[in-house]
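Inspection log for the structure reproduced underneath, given as structure tokens.
Every chain is numbered from 1 and lettered A, B, ... according to where its sequence line falls, protein lines coming before strand lines.
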Amino acid sequence: MPELPEVEVVKQSLEKKILNLIIKKVKFNDINLRYRLNKGGFSKIIGKKFKKIKRRSKFLIFEIERNIYMLVHLGMTGKFFFIDKKNIKYKTSFYYTINQKKDQKHDRVIFLFKNNQKLIYNDVRKFGFIKLYNRSEFEKNFHLKKLGPEPLERDFNFRYLKEYFFKRNRSIKNILMDQNCIAGLGNIYVNEILFLSKIKPSRKVVSLNDIEIEKIIKNTKRILNKSIKSGGSSIKDFSSDNGKKGLFQQHFKVYGRKGKKCSNVDCNNNITKSSISNRATYYCNQCQK
DNA sequence: AGGCATGTTACAGG
DNA sequence: ACCTGTAACATGCC
């Protein structure tokens with residue numbers, strides 16, 4: 001579910017809720033996430049506080065007192081809920097509508113604070129993970145080691161991408177999804193970026209000219225910023241109890257639109273679905289060259 | 001019932 | 001070393 005914009009939105013909303021609350025207890029309903037949780041290890045965060053939350057790529061980094069770091073990846077379906085003193089449950093981003101009953105089943109880890117508020121890590125498919133590190137372990141951990149630049153930072157620019165593409169015989173879609181090239185993009189946004197840039201996903205990067213590379217950079221920054229502003233959009237609203245349709249479809253110009261009319265007003269072609277690097281790939285055969 | 005799903009990683013083979 | 005494809009992880013939805 002979550003690509004860079006969604007993770008950024010989660011970070012921002014958690015910052016407003018959990019910083020400086022004293023952790024009283026951690027409860028484990030299921031320790032078998034992508035990596036098995038070491039329950040005992042969590043005893044060292046009892047009595048401490050979350051001091052800071054950072055995002056790198058799709059990872060969340062929680063800084064806890066005394067040089068303890070908690071690294072979280074949401075995988076495909078990870079999400080956080082916050083429960084306040086009146087037992088009101090808050091989603092930590094607008095894309096998810098709360099459905100009490102369904103949700104609870106997938107509450108995997110619960111952080112209970114001293115003032116009786118709670119932070120819940122919920123994950124249907126359990127591809128996400130939570131790992132605790134001390135500072136030196138954290139600095140050595142392999143997850144963040146090889147990541148490419150953040151797409152919204154200055155070092156993701158024409159020079160960098162042109163150089164990275166040089167002599168690489170891979171498709172543009174494959175390379176944009178490679179976290180070592182650019183950190184934080186996923187399948188949905190890469191489909192969208194290539195549609196906006198009018199580039200066919202199967203094009204080899206060596207065949208891209210300078211203007212096309214510039215377009216990719218501009219559109220990447222534009223779509224990620226727009227999505228963060230609107231609260232993260234790459235998600236289905238998979239609650240069914242309020243009868244509202246998800247915001248999912250209306251935000252995307254190609255993703256999930258197989259057989260539907262191309263979003264460009266002057267085009268009558270239908271969107272094609274294929275598979276690149278084993279991932280669903282949508283494009284307009286007319287508009288994307 | 002079978003296929004598909006927003007992510008990451010390991011491995012086999014070219 | 002680089003590249004590709006496949007599978008695996010666990011669960012739910014259509």
Side-chain angles (χ1 to χ4, degrees), chain A residues 1-10 29-37 55-60 71-79 93 95-97 99 101-108 121-131 141-148 164-193 201-206 223-224 227-228 231-241 245-249 251-252 254-259 273-282:
Chain A
M1 184 173 309
E3 300 181 36
L4 187 152
E6 292 73 39
V7 179
E8 177 63 24
V9 169
V10 170
N29 292 341
D30 188 343
I31 59 169
N32 294 304
L33 303 183
R34 181 157 129 224
Y35 303 108
R36 174 170 302 200
L37 290 167
R55 180 191 59 73
R56 171 76 170 107
S57 186
K58 303 169 196 170
F59 295 89
L60 288 166
L71 183 65
V72 174
H73 195 288
L74 302 173
M76 296 275 241
T77 53
K79 56 192 79 72
S93 48
Y95 59 74
Y96 189 81
T97 306
N99 178 332
K101 266 203 177 148
K102 262 193 188 171
D103 288 340
Q104 272 185 20
K105 186 173 168 195
H106 307 297
D107 289 349
R108 309 298 182 187
Y121 178 72
N122 176 294
D123 192 343
V124 175
R125 286 170 70 184
K126 303 199 288 186
F127 286 176
F129 68 80
I130 301 176
K131 282 184 175 182
N141 99 79
F142 72 94
H143 295 286
L144 309 174
K145 266 275 158 57
K146 292 171 70 185
L147 292 175
Y164 199 94
F165 286 178
F166 183 63
K167 281 191 175 169
R168 268 181 234 250
N169 188 29
R170 298 164 63 184
S171 74
I172 181 63
K173 173 144 192 277
N174 177 281
I175 220 163
L176 289 179
M177 291 206 297
D178 184 341
Q179 304 299 300
N180 302 328
C181 172
I182 306 164
L185 301 182
N187 197 34
I188 294 180
Y189 285 107
V190 170
N191 274 293
E192 294 296 312
I193 290 162
S202 57
R203 284 273 298 281
K204 298 280 182 166
V205 290
V206 284
I223 195 169
L224 294 180
S227 183
I228 290 169
S233 51
S234 86
I235 265 355
K236 270 183 247 204
D237 174 354
F238 43 96
S239 156
S240 55
D241 62 350
K245 279 226 173 105
L247 298 153
F248 188 58
Q249 297 89 340
H251 272 82
F252 296 106
V254 269
Y255 185 84
R257 302 193 69 251
K258 179 186 174 185
K273 182 184 181 190
S274 70
S275 178
I276 291 180
S277 314
N278 259 335
R279 311 308 298 249
T281 304
Y282 301 87

Item to check | Stems involving DNA chain C, each a run of at least 3 consecutive Watson-Crick or G-U pairs under 3.5 Å | outcome: B:2-5 with C:11-14, B:7-14 with C:2-9
[X]: salt bridge (Lys or Arg N to Asp or Glu O under 4.0 Å) partners, not counting sequence neighbours:
X	value
A:R168	none
A:D30	A:R108, A:K126
A:R279	none
A:R125	none

Next on the checklist: Taking C:dT4 as the reference, what is the distance to B:dA5 when you measure between their C1' atoms (whole Å, please)?
Outcome noted: 22 Å
Item to check | Between B:dT8 and C:dA1 - P atom distance, rounded Å | outcome: 23 Å
Checklist entry - How would you list all residue pairs meeting salt bridge (Lys or Arg N to Asp or Glu O under 4.0 Å) that involve residues 173-192 of chain A, not counting sequence neighbours? => result A:R170-A:D178
Determine the contact category for [X]: base if any of its heavy atoms lies under 4.0 Å from a base atom, sugar-phosphate if only primed atoms, P, OP1 or OP2 are that close, otherwise nothing.
X	result
A:F142	sugar-phosphate
A:K273	sugar-phosphate
A:K105	sugar-phosphate
A:R279	base

Checklist outcome for this item: Sorted by chain and number, sequence neighbours left out, ring pair (Phe, Tyr, Trp, His ring centres under 6.0 Å) with A:F59 holds for A:H73, A:H143
Checklist outcome for this item: Of B:dT9, C:dG12, B:dG7, the nucleotide closest to the side chain of A:M76 is B:dG7
Within the distance-only criterion (no hydrogens, no angle test), does the side chain of [X] pair as donor or acceptor with the backbone N or O of [Y] below 3.5 angstrom?
X	Y	result
A:Q179	A:G184	yes
A:R56	A:K58	no
A:S227	A:P5	no

Checklist entry - Just to confirm, is there a sub-4.0 Å distance from OP1 or OP2 of B:dG7 to any side-chain nitrogen or oxygen of A:H73? => result no
Checklist entry - Do any side-chain nitrogens or oxygens of A:Q179 fall under 4.0 Å of OP1 or OP2 in B:dT8? => result yes
Item to check | side-chain contact (heavy atoms from CB on, under 4.5 Å) partner of A:N191, chosen from A:I188, A:I193, A:N187 | outcome: A:N187
Checklist outcome for this item: Contacts of A:Y282 and A:F129 projected onto DNA chain B by closest heavy atom; the upstream (5') one is A:Y282
Separation of [N] [atom2] from [X] [atom1] (nearest whole Å):
X	N	atom1	atom2	result
A:L185	B:dT8	CG	C1'	15 Å
A:K58	B:dT9	NZ	C1'	13 Å
A:M177	B:dA5	CE	C1'	13 Å
A:H143	B:dG7	NE2	P	17 Å
A:F59	B:dG7	CZ	P	12 Å
A:R257	B:dC4	CZ	C1'	19 Å
A:F165	C:dC2	CZ	P	16 Å
A:K146	C:dA1	NZ	C1'	12 Å

Item to check | Contacts of A:D107 that satisfy side-chain hydrogen bond (donor to acceptor under 3.5 Å, both in side chains) - sequence neighbours left out | outcome: A:N122
Item to check | Set of side-chain hydrogen bond (donor to acceptor under 3.5 Å, both in side chains) partners for A:N141, sequence neighbours left out | outcome: none
Checklist outcome for this item: Scoring nucleotides 4-10 of chain C by protein non-hydrogen atoms under 4.0 Å (B base, S sugar-phosphate only, - none) yields S-B--BB
Contact list (N/O, under 3.5 angstrom) for nucleotides 11-14 of chain B vs protein:
none

Item to check | All side-chain contact (heavy atoms from CB on, under 4.5 Å) counterparts of A:F142, not counting sequence neighbours | outcome: A:Y35, A:K131
